[in-house]
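I have placed the structure first, in the form of structure tokens, so that the comments after it can refer back to it.
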2 protein chains.
Amino acid sequence: MRITYKGDYALKTILDLAVHYGDSPVTIHDLARRADIPTKFLEQILLDLKRGGFVESRRGKVGGYLLAKHPAEIKVGNVIRFIDGPTEPVACLEKDYSGCQDMFRCVFKPIWQKINRAISNIVDNITFEDLIKQLQAKKEAIIYQI
Amino acid sequence: MRITYKGDYALKTILDLAVHYGDSPVTIHDLARRADIPTKFLEQILLDLKRGGFVESRRGKVGGYLLAKHPAEIKVGNVIRFIDGPTEPVACLEKDYSGCQDMFRCVFKPIWQKINRAISNIVDNITFEDLIKQLQAKKEAIIYQI
DNA sequence: TACTATCTCTATCATATTAGTAGAGTATAC
DNA sequence: GTATACTCTACTAATATGATAGAGATAGTA
Ligand code: FES
Ligand code: FES
């Protein structure tokens with residue numbers, strides 16, 4: 001698995017929208033500025049995320065983007081897989097893969113399967129609500145430090 | 001981390017050479033045929049592996065390739081990293097990376113670190129000697145089955 | 001209504017990576 | 001001295017990545 005800039009931008013954007021969950025829409029401009037993402041690139045990413053059911057949009061003045069679900073309902077893995085594709089380290093492991101006939105013989109397959117399970121265990125067990133809590137914990141730690 | 005064809009071919013080639021460790025050199029032709037790898041592509045991979053100190057070569061008649069170290073001395077992770085690059089899921093984690101200033105703030109970093117550790121734990125704890133043993137165990141299982 | 005902020009959509013582009021292919025050259029055993 | 005086998009550099013086609021450009025649609029409001 002490889003996290004691309006697009007995936008990184010998508011995660012940061014979803015997190016930003018998660019932080020503003022329940023508030024009024026956030027504009028592309030604000031999202032781009034806060035996460036330092038090229039605006040026109042983010043436009044495309046947000047359209048993708050909308051098609052993926054992660055976000056909703058409001059047009060016109062007072063428009064912008066909103067998270068389509070509660071932050072607790074979105075896992076990091078959902079976003080990564082939707083934007084950057086499968087997390088499997090080799091094509092052999094992906095669903096509907098026709099090659100890899102001599103599966104029984106490939107002594108490397110168990111390695112790829114282990115890696116695959118390890119990655120899934122991580123990215124599918126953390127939601128954006130968890131991330132927000134971590135952010136808040138960090139903030140408090142900083143205040144306490146002062 | 002993403003295993004490319006080149007990495008896959010390199011692993012299968014090293015395994016083949018590991019199986020023939022101690023024997024006479026194995027030709028590119030035989031390696032290519034057995035693992036179904038385009039011969040000219042494998043030539044390049046073997047030159048890379050030679051520069052990486054994984055294999056040795058003998059020219060002329062009765063020439064071919066030999067494993068440069070004992071199979072127990074070569075980890076799967078060594079080959080993957082040498083051929084396909086770092087196993088880290090994001091550039092931020094790689095050594096000498098200058099970006100990612102607000103490290104303290106990036107709530108995703110612990111996720112990438114976890115994944116990185118998980119992958120390393122897997123690929124750095126299996127040698128080609130281990131793989132050969134697994135191959136032999138499979139062979140015996142098949143014989144027993146018959 | 002006109003204006004403006006905002007999202008929507010399609011196309012285009014530069015660069016890098018991937019997965020090879022081609023062909024001439026070098027060394028060695030016999 | 002010739003066949004066999006590795007060596008080296010260059011080239012190529014296809015795809016992915018990380019954007020940029022510009023015209024269009026929609027909604028609030030003066
Ligand atoms: S050939 Fe499919 S996992 Fe090895
Ligand atoms: S910005 Fe470097 S890990 Fe998130």
Side-chain angles (χ1 to χ4, degrees), chain A residues 1-13 17 20 24-33 35-52 54-68 80 82-86 89-92 99, chain B residues 1-13 17 20 23-52 54-68 80 82-86 89-92 99:
Chain A
M1 184 203 46
R2 180 79 210 292
I3 307 298
T4 65
Y5 270 88
K6 197 176 173 187
D8 180 57
Y9 292 162
L11 289 171
K12 287 174 176 165
T13 299
L17 292 177
H20 294 91
S24 48
V26 184
T27 65
I28 294 179
H29 185 77
D30 283 353
L31 291 166
R33 187 178 42 74
D36 195 31
I37 302 170
T39 310
K40 291 298 276 181
F41 194 18
L42 184 56
E43 279 183 14
Q44 292 182 54
I45 296 169
L46 280 164
L47 286 175
D48 274 357
L49 289 172
K50 189 182 168 185
R51 292 183 195 113
F54 294 97
V55 303
E56 279 172 12
S57 63
R58 300 272 184 278
R59 303 227 274 202
K61 262 192 169 165
V62 204
Y65 280 91
L66 302 157
L67 212 59
I80 290 177
F82 182 74
I83 296 294
D84 282 341
V90 289
C92 286
Chain B
M1 185 203 42
R2 180 79 210 292
I3 307 298
T4 65
Y5 270 87
K6 196 176 174 186
D8 180 56
Y9 292 162
L11 289 171
K12 286 173 175 164
T13 299
L17 293 176
H20 294 92
D23 301 357
S24 48
V26 184
T27 65
I28 294 179
H29 185 78
D30 282 354
L31 290 166
R33 187 179 41 77
R34 284 201 288 261
D36 196 31
I37 303 169
T39 309
K40 293 297 278 179
F41 194 19
L42 184 56
E43 279 184 14
Q44 292 181 53
I45 296 170
L46 280 164
L47 286 174
D48 275 356
L49 289 173
K50 189 181 168 184
R51 292 185 195 110
F54 294 97
V55 303
E56 280 172 11
S57 62
R58 300 271 183 279
R59 302 228 273 201
K61 260 192 170 170
V62 204
Y65 280 91
L66 302 156
L67 211 61
I80 290 177
F82 182 74
I83 295 294
D84 281 341
V90 290
C92 285

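Letters A, B, ... mirror the listed sequences (proteins, then strands); counts begin at 1.
Screening B:Leu66, B:Thr13, B:Leu17 for a side-chain contact (heavy atoms from CB on, under 4.5 Å) involving B:Val26 leaves a single residue, B:Leu17. Under the side-chain contact (heavy atoms from CB on, under 4.5 Å) rule, B:Tyr65 has a single partner from B:Leu49, B:Thr27, B:Ile28, which is B:Ile28.
Using a 4.0 Å cut-off, some side-chain N or O of B:Ser57 falls inside it from OP1 or OP2 of D:dT7. Between B:Lys6 and C:dT17, a side-chain N or O to OP1/OP2 separation shorter than 4.0 Å is absent.
Between A:Asp84 and A:Arg2, the shortest heavy-atom contact is OD2-O, 3.7 Å. Residues B:Ala32 and B:Thr39 come closest through the heavy atom pair CB-OG1, 3.8 Å. The minimum heavy-atom distance between B:Arg51 and B:Phe82, with the atom names listed, is C-CZ, 4.3 Å.
For A:Asp8 and D:dG18, the CG to P distance is 10 Å, given to the nearest whole Å. The nearest whole Å value for the distance from the CD1 atom in B:Ile28 to the C1' atom in D:dT7 is 9 Å. The CG atom of A:Leu66 sits 14 Å away from the P atom of C:dT6 (whole-angstrom rounding). One can place CG of B:Leu47 at 15 Å from P of C:dT26, the figure rounded to the nearest angstrom. The CG-P distance, from A:Leu49 to C:dC7, rounds to 14 Å in whole Å. With rounding to whole Å, B:Ile45 atom CD1 is found 15 Å from D:dT7 atom C1'. Atom CG in B:Asp48 sits roughly 13 Å away from atom P in C:dT18 (whole-Å rounding).
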- Could you check B:Asp30 against B:Arg34 for side chain to side chain contact (heavy atoms under 4.5 Å, CB included), going step by step and ending with a plain yes or no? CA-CA 6 Å; B:Asp30 282 354; B:Arg34 284 201 288 261; 4.1 Å; yes

- Which letter, B, S or -, goes with each nucleotide of nucleotides 20-30 of chain D from 5' to 3', with contact meaning a protein heavy atom under 4.0 Å? BBB--SBBS--

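Rounded to the nearest 0.5 angstrom, A:Leu42 CG and A:Leu47 CG are separated by 9.5 Å. Interatomic distance, B:His20 NE2 to B:Leu31 CG, rounded to the nearest 0.5 Å: 8.5 Å.
Comparing C:dA19, D:dA19, C:dT8 by their closest approach to the side chain of B:Tyr5 singles out C:dA19. Closest to the side chain of A:Thr4, out of C:dC7, C:dG20, D:dG18, is D:dG18. Minimum atom distance to the side chain of A:Tyr65 is reached by C:dT8, of the listed D:dT17, C:dT8, C:dA19.
B:Leu46 comes within 4.0 angstrom of nothing in the nucleic acid, heavy atoms only.
Annotation: salt bridge (charged side-chain N to carboxylate O under 4.0 Å, His left out) contacts of B:Lys40 (sequence neighbours excluded): B:Glu43.
Five base pairs at each end of the helix from C:dT1-D:dA30 to C:dC30-D:dG1 define two local axes, and these are offset by 10° (rounded to 10°).
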